[in-house]
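Quick notes on the structure that follows.
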Amino acid sequence: IQSHLKLFNIENAKTICQEVSPELLKTFEQFDILFLDRPFQGQLLPKVCQWLEQFDLIKQNGKVYLEFEKGLDLSFIATSWEIVREKSSGQVKYLLCQKKTGK
């Protein structure tokens, strides 16, 4: 990730490689784009998405990239985000979501 940020001259990005928690998320301002990837087990993704909404961490036109195992119930996305792009490969599914307008 760091090498790609340098390749595209992106200097105002932050990468964090640790388990996410509400306490960690409370320390951030709003994001333009956010990548959420792994771990697949344990229903962590719905919780993290709930926290993103709870702390209003996605800018109005911000996007969230989600990577997760196929078969995950995605009903938690429908309330606040719309799916912009969707793909899958093997047992993994990828979504690019955007905050619904008016939220």
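As the structure is a computational prediction, the values presented were derived from the model and not from experiment.
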Taking the side chain as every heavy atom from C-beta outward, state whether [X] and [Y] have any atom pair closer than 4.5 Å.
X: Phe68; Y: Leu74; result: yes
X: Leu66; Y: Leu96; result: no
X: Tyr94; Y: Arg85; result: no
X: Glu69; Y: Gln91; result: no
X: Phe76; Y: Leu45; result: yes

Which pair of non-hydrogen atoms, one from [X] and one from [Y], has the smallest distance, and what is that distance?
X: Gln98; Y: Lys63; answer: OE1-NZ, 3.0 Å
X: Lys70; Y: Ser88; answer: CE-CB, 3.3 Å
X: Ile77; Y: Cys97; answer: CG2-SG, 4.0 Å

Counting only N and O atoms by type, is there a donor-acceptor contact under 3.5 Å from the side chain of Lys99 to the main-chain atoms of Gln60?
-> no
Side-chain donor/acceptor of Ser89 to backbone N/O of Val92, under 3.5 Å = no
Quick one: sort the Tyr65 and Phe35 rings into parallel, tilted or perpendicular, breaks at 30° and 60°.
-> tilted
Taking the inter-plane angle between the rings of Phe28 and Phe31 on a 0 to 90° scale, is it parallel (under 30°), tilted (30 to 60°) or perpendicular (over 60°)?
-> tilted
State the [atom1]-[atom2] distance between [X] and [Y], to the nearest 0.5 angstrom.
X: Ile58; Y: Leu52; atom1: CD1; atom2: CG; value: 5.0 Å
X: Leu95; Y: Glu67; atom1: CG; atom2: CD; value: 10.5 Å
X: Lys6; Y: His4; atom1: NZ; atom2: NE2; value: 13.0 Å
X: Leu44; Y: Ser21; atom1: CG; atom2: OG; value: 10.0 Å
X: Gln50; Y: Phe55; atom1: CD; atom2: CZ; value: 9.0 Å

Show your working on side chain to side chain contact (heavy atoms under 4.5 Å, CB included) between Val64 and Ile33 and close with a plain yes or no.
-> CA-CA 6 Å; Val64 179; Ile33 187 162; over 6 Å; no
Verify same cluster id: Leu5, Leu36 (apolar side-chain graph, 4.5 Å) = no
Within 6.0 Å of CD1 in Ile1, more than 12 heavy atoms from elsewhere | no
Any chance you could lay out the side chain to side chain contact (heavy atoms under 4.5 Å, CB included) test for Lys26 and Trp51, step after step, and finish with the verdict?
-> CA-CA 9 Å; Lys26 286 179 189 179; Trp51 297 332; over 6 Å; no
Lys/Arg-Asp/Glu bridge criterion (N-O < 4.0 Å) met for Glu86, Lys93 = yes
